[in-house]
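Since the structure comes first, as structure tokens, the remarks are kept for the end.
This is a predicted model, so every value here is computed, not measured.
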Amino acid sequence: MNLREKITLTKDKKLSIYFPAGYPKKDSALELIPRLEKSGIDFIELGMPFSDPMADGPTVQEASTIALNNGMNIEVLFEQVKQVRETSDLPIVLMGYFNPVLQFGIEKFAEFCKSTKIDGVLIPDLPIEVYIQKYKSIFEAAEVPLVFMVTPDVSAERLKLIDQQNSPFIYLVAKSNITGSNTLFGTEDIESNLKSFSERPIETPVVVGFGISDAASFQDATKHFSGGIIGSAFIKSLASESADTFIESLR
Amino acid sequence: MKYSPIADEHGFYGDFGGAFIPEMLRKNVEELKNAFLYYSSEPEFIAEFKALLADYVGRPTPLYYSKNLSEKLQAGIYLKREDLNHTGAHKVNNTIGQILLAKRMGKKRIIAETGAGQHGVATATVCALMGLECIVYMGAIDIERQKPNVGRMKMLGAEVRAAESGSKTLKDATNEAIRDWLANVDDTFYIIGSVVGPDPYPEMVAYFQSVISDEIKKQLLEKTGKENPDMVVACVGGGSNAAGAFYHFIDSDVQLIAAEAAGRGVDSGQSAATSVLGTIGVIHGSQTLLMQTKDGQIVEPYSISAGLDYPGIGPMHAHLIHSKRVQSIAITDNEALSAGLSFSRLEGIIPALETSHAIAALERLDIQGKTVVLNLSGRGDKDLSTYLKHL
């Protein structure tokens, strides 16, 4: 079963956790991913750290810097995923900025994704037009689906194009902002934007990210959708070593 | 000066350029591109732009025959005096253009990034002129080393916000400005100061700066009877003054020279010579030549000049250098300092440290008997403390 089928199989709201590989320790993912699987997380977004993350707030920036200082890079990340795969089936989506992927080599990256059974790849600063024109054939040959971000005001034409990509899910950013900021889910504006987006004709399941930090915001954010992603709030809990309590508090 | 594109319709110059931006900025960037395409051919907009350049900025700036330097280097050297612009550098040509666009787009809040502070001052200036809120992001280290410009921005009513992430210089100020834009997409206009960033910025900034080469052509014709010199020399960090000085000569056989900052030497590990040390990559929304590690992490650049220590280069320049239309020369801190000091005494003009890189390049080029235009991009008041240490 692929990630898309897993997301749509049951009606319960899927919970995903984002953290950069290599944070807080170089090998943390090896321990964190099985732990998150045990605590009932539905899938992981594993960050590929970058020196200049332009859509991220201070929490992810700092964690990325620490990860890079720990010696994390894409090669190491794939070795870790391979190791995790020996004991865990938790779906993993890789998320990171385009430049490190470009330098690693797109074909090599797609092959590594295939051999480590990566469930999806999200590159926020790779526009879908460039993807389709230059890289889609490479990812398709490796059977690695890409995930794309949308905002609620995305044009019908663009949403249709994104919906046609066989993605495991569409990543909905409820309100444009950097990661870790307060999106004010539940307020009238955001709620009406989300509701009207949920009525748009798409096949791909929708998962909401940016600004979800606790059980209440998770509930508000995912009311009309398949699930939600929590990043900065989880990363903060890692720093205070209360990650398990934090995950428990979300359900 | 109707706009005619240099890039293709997606903002690519060969392999370089484009708009590598998160989806959240898509609408803004498209809106900006449409506004730029519309107004850059609207007579009323162009008339207002030109009027402000004439009466507020003080254009045309002189094209001065540099007698002493010409004698010394046995060439015919003309200085395009961008240092005589209001605010002391070429930067204001662009901020005037962008603020007029922001006004027409109904934006209420202006943000900008700045390195040496020249673009920050030029942005604060036009915001004061137009009565718009202004926030300038500046690396915490640059705030320390460019205090006079920080003071000018504050006096003009701008808020200067320190970028505390990464290397705390221009690259990080740019990251912070992009983050601000992401969080304020509805009411905010981001005035980028160089020919960098996602499409349409490189095209737009180059167009607003193209007034420089437009004037050079006319002035040179008047002075020499010929529109084209043999050579145009300019310094390049992101590359806005060079883009303006090269613009109308790109489709000609005029030799175009870009002086880059070698810092303490191209191979010293402390350099900003992007065209030598850079490889193709994506930074700040654009595919270009970029100083990076093998893992694709951005390398912290270094130059004595805060306006040149940027790890990338505008995509148009990347393309022109890659295709050998533009020749780049890497100038060290020491070469720039000594060129700046001797030029000051030779001509009675104190150049910006950035410009001193272009002046130093003249000594390395074969210019004997040639007609050369040097783009004197800015004045050196802001760099006095650095110069004086080396006097």
Contacting region of [X] [heavy-atom separation from chain B under 4.5 Å]:
X         : value
Val154(A) : side chain
Pro53(A)  : both
Ile123(A) : neither
Leu102(A) : side chain

- request: Answer yes or no: are there more than 12 heavy-atom neighbours, outside Lys136(A) itself, under 6.0 Å from its atom NZ?
  value: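 Correct, the count exceeds 12.
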Non-hydrogen atoms of [X] and [Y] that approach each other most closely:
X         : Y         : answer
Ala19(B)  : Pro127(A) : O-CG, 3.1 Å
Gly296(B) : Phe50(A)  : O-CE1, 3.3 Å
Phe210(A) : Met24(B)  : CE2-CE, 3.4 Å

Check chain A against chain B and list any donor-acceptor pairs under 3.5 Å.
from, atom 1, to, atom 2, distance (Å)
Pro49(A), O, Gln297(B), NE2, 3.1
Ser51(A), N, Gln297(B), OE1, 2.7
Ser51(A), OG, Ile298(B), N, 2.9
Asp52(A), OD1, Lys171(B), NZ, 3.2
Asp52(A), OD2, Lys171(B), NZ, 2.7
Asp52(A), OD2, Asn175(B), ND2, 2.8
Pro53(A), O, Arg179(B), NE, 3.4
Pro53(A), O, Arg179(B), NH2, 2.7
Asp56(A), O, Arg179(B), NE, 2.9
Gln61(A), OE1, Arg179(B), NH1, 3.4
Asn73(A), ND2, Asp295(B), OD2, 3.3
Asn99(A), OD1, Val282(B), N, 2.9
Asn99(A), ND2, Gln292(B), OE1, 2.8
Asn99(A), ND2, Gly296(B), O, 2.9
Gln103(A), NE2, Ile280(B), O, 3.0
Gln103(A), NE2, Gln292(B), OE1, 3.1
Asp153(A), OD2, Lys27(B), NZ, 3.2
Arg158(A), NE, Glu23(B), OE1, 3.4
Arg158(A), NE, Glu23(B), OE2, 2.8
Arg158(A), NH2, Glu23(B), OE1, 3.1
Ser176(A), OG, Leu182(B), O, 2.5
Asn177(A), N, Leu182(B), O, 3.4

query: For Leu290(B), is it the side chain, the backbone, both or neither that has a heavy atom under 4.5 Å from a heavy atom of chain A?
result: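 Side chain only.
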task: Please state whether the side chain, the backbone, both or neither of Ala177(B) comes within less than 4.5 Å of a heavy atom of chain A.
output: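 Neither part; nothing is under 4.5 Å.
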query: Just how far is it from atom CE of Met54(A) to atom CD1 of Ile283(B), taken to the nearest 0.5 Å?
result: 9.5 Å
